[in-house]
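Accompanying notes for the structure given below.
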Protein chains: 2
Amino acid sequence: MANLPKQVKIVEVGPRDGLQNEKESVPAEIKTELVNRLSGAGFRNIEAAAFVSPKWVPQMATSADVMAAIVRRPGTIYSALTPNMQGFDAALAARADEVVIFGSASEAFSQKNINCSIAESIARFEGVAQAAKQHGLRLRGSISCAFGCPYQGDVAPESVADVVRRMRDLGCDEIDIADTIGVATARQTQTVMERAAREFQIDALAGHFHDTYGQALANIYASLEVGISIYHSSVAGLGGCPYAKGATGNIATEDVLYLMQGLGIETGIDLDIVVDAGQFISQFLGRKSASRAGNALAAKRTS
Amino acid sequence: MANLPKQVKIVEVGPRDGLQNEKESVPAEIKTELVNRLSGAGFRNIEAAAFVSPKWVPQMATSADVMAAIVRRPGTIYSALTPNMQGFDAALAARADEVVIFGSASEAFSQKNINCSIAESIARFEGVAQAAKQHGLRLRGSISCAFGCPYQGDVAPESVADVVRRMRDLGCDEIDIADTIGVATARQTQTVMERAAREFQIDALAGHFHDTYGQALANIYASLEVGISIYHSSVAGLGGCPYAKGATGNIATEDVLYLMQGLGIETGIDLDIVVDAGQFISQFLGRKSASRAGNALAAKRTS
């Protein structure tokens, strides 16, 4: 058996990546409460905001309000998505600790979504990257469609490696490799992660898995085996899959924490408090949590 | 990376283990159609019936009707649960290919459920085991609570090994190790499987995982790594968890098949037909399939 990391960082993406696709507007107070509950659980990194055009992502229009209202937990990194300099300036004003830039590993996805090549799309972030360095903000690069693309299908590990290099050269402190449509399986995951680790320090590479085909937790376990020690997850499994209506999106944080507990891997996070946070936001949204561990642990409490 | 098995056997347990806990009676015609659809998909082993007291498990009262009505696919093993000689006689009359006996790896579970020790409970199956041999039926032993127990909590791998030995000594052809309450995580799974494989030929050991905490597929992947090549799963994830209301039960077959496809492991099963079967039974039950891959693949078809 491969040695697994002794500790991992879990990046909670529910408040941003998770809630972003909710059709009904979630009030800033609810988002604030969610973020506070999560930081209270011990997360060292929470994706809390996106400074994007409210025309494109209305749910994120209250990002500045949320960032202003949350209670900052010392040591916790609050991240914000910043598509451009306008977004960066807003993130800076909102006192984000980390800004997130992004690109696709799929040429077809890049062309279809933002009408330019991958290379161009990454180059456009040069200003944001420089500004982040100037202001001492952390810079994270997020690579979508790293394991498959809704338009072109397969994505070569070499394409992922190419985007990793470009983001590294822009000065990224951390890079996450995302299975945007949840199609990856375990060995493919290991292949891509090992390829990426030849371009960037492995302890700053993150896995962002979607559970669309039920594979996310197996992919996380497979990634642990090759030494990946940062994982994204979403409380209560917030966030659907825009490419397959009714399908599952982000892996649920509670399920990931349950795995780490079982493996004896330290996260610094209190699962019980996360279960509460998951119940809180699921009740607000008026639906059952998509976290299996969350639902099982909540059911156990009441039985 | 460990070498994975090149092919695996998937035992479809939906028609019995899956439907058993359904409160509403499912007509024999529906069960028959489900079994036929599954054998049509290529399963070499389907758990189709249980010859148990209809007082205890009313849903299984039509087992003989189902076994009489199904179209037998040559080479497919149709299994039936047989708690005693009466059950065995019924299974024999119904032309079951395999009878399933069972016991718990948890002393507390055994005492609480059947009011006797594990050792006694296994010994009681001696008649069934002998009769199976006499009549040339396959004999499978099923070990519940092998990774945790709703009453005693932890279960030692040594307790599992002890039940494996007892079932082996009764002449079992195959033994499945079941995580009845879905609490196992990946490394624990490997430890228990490796321990069991010291008592019984590894290629006749099966993993039966529940997804209550979202861990089932990671546990299957971890089991593949230690050489386990038989897995139980339930189409559409049929079967809840009686120990945690509202929680998830059996791992969905579609998710397992998707994993195997991704790993290049042969199953002989047509995933598309399984997706159809999952949609068929879910529509009958009037609810969304619990299979993530099943839902994603079905959504993809209609998009």
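None of these values were measured; they are calculated from a predicted model.
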To the nearest 0.5 Å, atom CD1 of B:Ile181 lies from atom NZ of A:Lys300 at 7.0 Å
Apply side-chain contact (heavy atoms from CB on, under 4.5 Å) to A:Arg292 and B:Thr212, showing your working. CA-CA 6 Å; A:Arg292 300 185 175 205; B:Thr212 320; over 6 Å; no
How about residues 255-271 of chain A versus chain B: which residues have heavy atoms under 4.5 Å apart?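 Counting heavy atoms that sit under 4.5 Å from chain B, the residues of residues 255-271 of chain A involved are A:Asp255, A:Tyr258, A:Leu259, A:Gly262, A:Leu263.
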Under 4.5 Å, counting heavy-atom pairs only, tell me which of B:Ile220, B:Leu224, B:Val183 racks up the most with chain A.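 The candidate making the most pairs under 4.5 Å is B:Val183.
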What pair of heavy atoms forms the shortest contact from B:Gly214 to A:Leu217, and how long is it? O-CD2, 3.4 Å
Residue A:Gln188 versus chain B: region with a heavy atom under 4.5 Å: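 Neither part; nothing is under 4.5 Å.
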Applying side chain to side chain donor-acceptor pair (under 3.5 Å), name anything that partners B:Arg195, two or more places apart in sequence or on another chain.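 With sequence neighbours excluded, B:Arg195 shows a side chain to side chain donor-acceptor pair (under 3.5 Å) to B:Glu158, B:Glu199, given in chain and number order.
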Restricting to side chain to side chain donor-acceptor pair (under 3.5 Å), what partner residues turn up for B:Ser233, sequence neighbours left out? B:Thr253
Only counting residues at least two apart or in another chain, list the ones meeting ring-ring contact (aromatic ring centres under 6.0 Å, His included) with B:Phe43. none
So B:Asn219 and A:Tyr221, do their side chains get closer than 4.5 Å, heavy atoms only?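 A:Tyr221 does not reach B:Asn219 side chain to side chain.
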Is B:Glu225 close to chain A through its backbone or its side chain, or both, or neither, when contacts mean heavy atoms under 4.5 Å? side chain
